[in-house]
Participant: 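There's a structure below that I have some questions on.
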Amino acid sequence: MSDPYETTEQHLDRLLRRALNSFDLPDSTVDLLCSALAHSSSLYSSHHSPVLHRETYRHTFLLADGSDLTLWELVHSGGRDEQESRRHELYADEGDAHIAAARLAGSLSDAPAFGDEAGRGEMETLTVLMSAPPAPTPRTYAPDNSADHARRVLRRAENGDRPGEEKARLLRAAFAHHITQVFGRQCEVDGQKAGFTLYEHAFLLLDGSETSLWEVEHTATPDGRHMCEVYEDEETARAAMESRTGIC
């Protein structure tokens, strides 16, 4: 994965050039990486099945001011012609990389959690458990470019009734966030299998108040591709899933 004779500048350039979504990285992150003095790469998790090969790499960079910054690289392909069909994606946020990994599989049954490659049977059990409302747990907010995270969640939404400018303006004051997966299910839609996952992106604002975005990831599309929809509240998000499948 990593060339020991490659400079940090060359390594970063290679990551950015091969990533399909490098344009989506925050400009501030790329600017900081340009000052990197050294780097380290390691395999963080992997998942291999007849239909999906997926690996997640952690690339940590030492910056000029002594701090460090991490990029998460998702590498995936179909079960056949793996080398020819490998695709690379880069994320500055570990939570975004986790969501992208789940999106590839379309359901929890094919998407092991990072660092825990459980067997299919265990993941199917987890899917059943997560279909019921989870017990409330205290949120632990992480300050990590949260306003930019909110911007990227809104930008990838494809539904016409996604939150508008008023919500986007409110989220510019976000300084910490927490991602919770609250629902996961695989079912049949129009005779084809489709996966649905619901995430709450909770944000802590500068005035101490909280607000959330509710993200629905699903594959109930004509060509089976993954689609992202974002809603203001949980009730609307669940209603959107129910209108497609009747599962909620």
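Just so you know, these numbers come straight off a predicted model, no measurement behind them.
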Participant: Kindly write out the residues that satisfy side-chain hydrogen bond (donor to acceptor under 3.5 Å, both in side chains) with Glu158, not counting sequence neighbours, or none if the list is empty.
Facilitator: Arg225
Participant: Under the side-chain hydrogen bond (donor to acceptor under 3.5 Å, both in side chains) test against Ser41, which residue among Arg58, Glu6, His11 passes?
Facilitator: His11
Participant: Nearest 0.5 Å, please: how far is CG in Leu32 from CG in Asp27?
Facilitator: 11.0 Å
Participant: Taking side-chain contact (heavy atoms from CB on, under 4.5 Å) as the test, write out the residues that go with Leu62, two or more places apart.
Facilitator: Ala38
Participant: Centres of the His39 and His59 rings: under 6.0 Å?
Facilitator: no
Participant: One thing to verify: whether Arg238 and Glu234 come together as a salt bridge, which I'm taking to mean a side-chain N less than 4.0 angstrom from a carboxylate O.
Facilitator: yes
Participant: Compute the centroid of each ring, for Tyr199 and then for Trp214, and state whether the two points are separated by less than 6.0 Å.
Facilitator: no
Participant: Test side-chain contact (heavy atoms from CB on, under 4.5 Å) on His88 and Leu15 and set out the steps.
Facilitator: CA-CA 8 Å; His88 300 256; Leu15 289 180; over 6 Å; no
Participant: Taking side chain as C-beta onward, heavy atoms only, is Arg86 less than 4.5 Å from His76?
Facilitator: no
Participant: Evaluate Glu73 against Thr56 for side-chain contact (heavy atoms from CB on, under 4.5 Å), listing each step before the verdict.
Facilitator: CA-CA 6 Å; Glu73 184 181 26; Thr56 304; over 6 Å; no
Participant: Just do the side-chain contact (heavy atoms from CB on, under 4.5 Å) check on Tyr44 and Glu55 with the steps written out, would you?
Facilitator: CA-CA 8 Å; Tyr44 193 65; Glu55 297 167 341; over 6 Å; no
Participant: Is it true that Ser45 and Arg54 share a donor-acceptor pair across their side chains at a distance under 3.5 Å?
Facilitator: yes
Participant: Over all heavy atoms of both residues, which pair between Thr221 and His218 is shortest? Give the atoms and the distance, please.
Facilitator: CG2-CE1, 4.1 Å
Participant: Looking only at heavy atoms, what is the nearest atom pair of Phe183 and Met241, with distance?
Facilitator: CD2-CE, 3.9 Å
Participant: For Trp72 and Tyr57, what are the C-alpha separation, side-chain angles and deciding distance, and is it a ring pair (Phe, Tyr, Trp, His ring centres under 6.0 Å)?
Facilitator: CA-CA 6 Å; Trp72 301 87; Tyr57 293 88; over 10 Å; no
Participant: Decide yes or no on salt bridge (Lys or Arg N to Asp or Glu O under 4.0 Å) for Glu232 and Lys167, but give the supporting numbers first.
Facilitator: CA-CA 8 Å; Glu232 287 264 10; Lys167 187 76 167 186; 3.4 Å; yes
Participant: Once rounded to the nearest 0.5 Å, what's the spacing between atom CG of Leu33 and atom CG of Leu69?
Facilitator: 5.0 Å
Participant: Would you call the rings of His177 and Phe203 parallel, tilted or perpendicular, where under 30° means parallel and over 60° means perpendicular?
Facilitator: tilted
Participant: Going from CZ on Phe196 to CE on Met227, what distance comes out if it is rounded to the nearest 0.5 angstrom?
Facilitator: 10.5 Å
Participant: Does the side chain of Pro163 reach to within under 4.5 Å of the side chain of Val230, using non-hydrogen atoms?
Facilitator: yes
Participant: Any non-hydrogen side-chain atom of Tyr91 less than 4.5 Å from a side-chain atom of Asn21?
Facilitator: yes
Participant: Is any side-chain heavy atom of Cys34 closer than 4.5 Å to one of Glu9?
Facilitator: no
Participant: Could you give the distance from CG (Leu171) to OG (Ser212), rounded to the nearest 0.5 Å?
Facilitator: 9.0 Å
Participant: With sequence neighbours excluded, what pairs up with Ala36 under the side-chain contact (heavy atoms from CB on, under 4.5 Å) test?
Facilitator: Thr8, Phe61, Leu63
Participant: Report yes or no: do Tyr141 and Ile179 belong to one cluster of Ile/Leu/Val/Met/Phe/Trp/Tyr joined by side chain heavy-atom distances under 4.5 Å?
Facilitator: no
Participant: Show your working on side chain to side chain donor-acceptor pair (under 3.5 Å) between Thr219 and Lys193 and close with a plain yes or no.
Facilitator: CA-CA 8 Å; Thr219 56; Lys193 286 189 177 181; over 6 Å; no
Participant: Can you name the nearest heavy-atom pair linking Ala101 to Leu74, along with the distance?
Facilitator: N-CD2, 3.9 Å
Participant: Kindly indicate, with the supporting measurements, whether the criterion side chain to side chain donor-acceptor pair (under 3.5 Å) is fulfilled by Tyr231 and Glu215.
Facilitator: CA-CA 6 Å; Tyr231 298 93; Glu215 182 179 27; over 6 Å; no
Participant: Any side-chain heavy atom of Leu198 within less than 4.5 Å of one from Gln181?
Facilitator: no
Participant: How about Leu25 and Leu16: do any of their side-chain heavy atoms sit closer than 4.5 Å?
Facilitator: yes
Participant: Would one find more than 12 heavy atoms of other residues, nucleotides or ligands at under 6.0 Å from atom CD of Glu235?
Facilitator: no
Participant: Supply the atom-to-atom distance Cys228 SG to Asn159 CG, rounded to the nearest 0.5 angstrom.
Facilitator: 7.5 Å
Participant: Rounded to the nearest 0.5 Å, what separates atom CG in Leu71 from atom OG1 in Thr60?
Facilitator: 8.5 Å
Participant: Quick one: salt bridge (charged side-chain N to carboxylate O under 4.0 Å, His left out) partners of Asp13, sequence neighbours excluded?
Facilitator: Arg17
Participant: With a 4.5 Å limit on heavy-atom distance, are the side chains of Arg162 and Leu154 in contact?
Facilitator: no
Participant: Just do the side-chain contact (heavy atoms from CB on, under 4.5 Å) check on Leu205 and Leu170 with the steps written out, would you?
Facilitator: CA-CA 8 Å; Leu205 308 183; Leu170 178 67; 3.6 Å; yes
Participant: Between Asp93 and Asp96 (side chain of the first, backbone of the second, donor and acceptor by atom type, cut-off under 3.5 Å), is there such a pair?
Facilitator: yes
Participant: Kindly write out the residues that satisfy side-chain hydrogen bond (donor to acceptor under 3.5 Å, both in side chains) with Asp31, not counting sequence neighbours, or none if the list is empty.
Facilitator: none
Participant: Using the test side-chain contact (heavy atoms from CB on, under 4.5 Å), find all partners of Glu165 that sit at least two apart in sequence or belong to another chain.
Facilitator: Ala168, Arg169, Arg172
